[in-house]
K.L.:
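One structure, pasted below without further comment.
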Amino acid sequence: MGDNEKIIRDFVDAWPRLDVSEIVDYFAEDGVYHNMMLEPVKGREALTGFIGAFAANWSDVKWEILNLVSRGDTVIAERVDRMKVGGKPVALPCCGVFEMEGGKIKVWRDYFDLGTFTKAAS
């Protein structure tokens with residue numbers, strides 16, 4: 001397993017702790033998270049606010065990696081993100097594309113069906 005693959009596996013394993021500072025620390029200072037239904041969020045300060053806001057209502061988080069492949073500074077992780085949102089269980093199939101730089105996430109693009117999430121969480 002390459003270093004970038006290990007970093008992304010560790011990043012996925014960090015989510016159950018819901019420690020926003022720990023999660024954001026995986027990003028480069030000017031790192032970007034692009035949840036594909038929304039505008040990209042750039043920089044650790046903005047990432048802290050954004051991730052903190054949506055994760056505040058989460059509990060029992062467990063992300064399962066189904067497939068993880070990498071080449072150079074790109075890592076692709078197919079996952080099922082499981083969590084409770086407002087006490088309701090959600091199982092969300094996702095695919096994250098990570099561009100790495102210097103051991104940090106430079107860009108994370110996450111693809112999933114928002115309808116699946118909102119239906120389960122409502």
K.L.:
Is there a path from Val41 to Trp58 through hydrophobic residues (I, L, V, M, F, W, Y) whose side chains come within less than 4.5 Å of each other?
P.N.:
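In one cluster: yes.
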K.L.:
Between Lys106 and Met100, does the side-chain contact (heavy atoms from CB on, under 4.5 Å) criterion hold? Intermediate values first, please.
P.N.:
CA-CA 5 Å; Lys106 182 71 172 175; Met100 307 297 290; over 6 Å; no
K.L.:
Does the side chain of Val69 come within less than 4.5 Å of Val75's, by heavy atoms?
P.N.:
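They are not in contact (no side-chain heavy atoms under 4.5 Å apart), so the answer is no.
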K.L.:
Treat each ILVMFWY residue as a node, draw an edge where side-chain heavy atoms are under 4.5 Å apart, and state whether Val107 and Met37 are in one component.
P.N.:
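Not linked; separate clusters.
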K.L.:
Check the angle between the aromatic planes of Phe98 and Trp108 and answer parallel, tilted or perpendicular using the 30° and 60° thresholds.
P.N.:
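Rings of Phe98 and Trp108: parallel, as their planes differ by under 30°.
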K.L.:
Do the side chains of Trp63 and Val61 get nearer than 4.5 Å, heavy atoms only?
P.N.:
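They are in side-chain contact.
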K.L.:
Specify the closest pair of heavy atoms between Ala55 and Leu18, including all atoms of both residues, with the distance to one decimal.
P.N.:
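That closest heavy-atom pairing would be CB-CD2, 4.1 Å.
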K.L.:
Just how far is it from atom NZ of Lys42 to atom CD of Glu29, taken to the nearest 0.5 Å?
P.N.:
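So the NZ of Lys42 and the CD of Glu29 are separated by 12.0 Å.
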K.L.:
Could you grab the distance from atom OH of Tyr33 to atom CZ of Phe50, nearest 0.5 Å is fine?
P.N.:
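Rounded to the nearest 0.5 Å, the OH-CZ separation comes to 6.0 Å.
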K.L.:
Between Gly52 and Val20, which heavy-atom pair has the shortest distance, and what is it?
P.N.:
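Where Gly52 meets Val20 most closely, the heavy atoms are CA-CG2, 3.7 Å.
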K.L.:
Report the C-alpha separation of Asp110 and Arg79 in whole Å, then their side-chain angles, then the decisive distance to 0.1 Å, and conclude whether the salt bridge (charged side-chain N to carboxylate O under 4.0 Å, His left out) test is met.
P.N.:
CA-CA 10 Å; Asp110 225 10; Arg79 322 179 306 273; 2.9 Å; yes
K.L.:
Following the transitive rule for hydrophobic clusters with a side-chain heavy-atom cut-off under 4.5 Å over Ile, Leu, Val, Met, Phe, Trp and Tyr, establish whether Val80 and Met83 coincide in one cluster.
P.N.:
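No, Val80 does not connect to Met83 through the hydrophobic network.
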K.L.:
Starting from Val12, can I reach Phe112 by hopping between I/L/V/M/F/W/Y residues whose side chains sit under 4.5 Å apart?
P.N.:
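Yes.
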K.L.:
Is it true that Glu99 and Arg109 make a salt bridge, defined as a side-chain N closer than 4.0 Å to a carboxylate O?
P.N.:
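Salt bridge present between Glu99 and Arg109.
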K.L.:
Show the nearest heavy-atom pair for residues Ala28 and Lys104, with the distance to one decimal.
P.N.:
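Looks like N-CB, 3.5 Å.
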K.L.:
Using 30° and 60° as the class boundaries, would you call the ring planes of Phe11 and Trp15 parallel, tilted or perpendicular?
P.N.:
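Ring orientation of Phe11 relative to Trp15: perpendicular.
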K.L.:
Output the distance between atom CD1 (Ile51) and atom CZ (Arg44), rounded to the nearest 0.5 Å.
P.N.:
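One gets 11.0 Å once the value is rounded to the nearest 0.5 Å.
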K.L.:
Report whether Phe54 and Phe27 are members of the same hydrophobic cluster (ILVMFWY, side-chain heavy atoms less than 4.5 Å apart, transitive linking).
P.N.:
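Linked within one cluster.
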K.L.:
Hey, does the side chain of Asn4 reach the backbone of Gly72 with a donor-acceptor pair shorter than 3.5 angstrom?
P.N.:
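Yes.
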K.L.:
Output the distance between atom OG1 (Thr74) and atom CD1 (Ile8), rounded to the nearest 0.5 Å.
P.N.:
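The distance works out to 10.5 Å.
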K.L.:
How many angstroms lie between CD1 in Ile65 and SG in Cys94, if you round to the nearest 0.5 Å?
P.N.:
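Atom-to-atom, Ile65:CD1 and Cys94:SG are 12.0 Å apart.
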K.L.:
How about Glu64: does its CD atom have over 12 heavy atoms from other parts shown lying under 6.0 Å from it?
P.N.:
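Yes, the 6.0 Å shell around CD holds more than 12 heavy atoms from other groups.
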K.L.:
Using 0.5 Å steps for rounding, measure from the CG atom of Leu47 to the CD1 atom of Ile105.
P.N.:
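Answer rounded to 0.5 Å: 9.5 Å.
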K.L.:
Testing the basics here: between Cys95 and Ile76, what is the closest heavy-atom pair and its distance to 0.1 Å?
P.N.:
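Looks like SG-CG2, 3.7 Å.
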K.L.:
Decide yes or no for Arg82 and Val90: does some side-chain heavy atom of the first lie under 4.5 Å from some side-chain heavy atom of the second?
P.N.:
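When only atoms from C-beta onward are counted, Val90 and Arg82 do not touch, as no gap falls below 4.5 Å.
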K.L.:
Check Asp10 with Lys6, please: is the shortest side-chain N to carboxylate O separation under 4.0 Å?
P.N.:
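Yes, charged N to carboxylate O under 4.0 Å.
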K.L.:
Do Asp73 and Glu101 have side-chain heavy atoms sitting under 4.5 Å apart?
P.N.:
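Contact flag for Asp73/Glu101 side chains = no.
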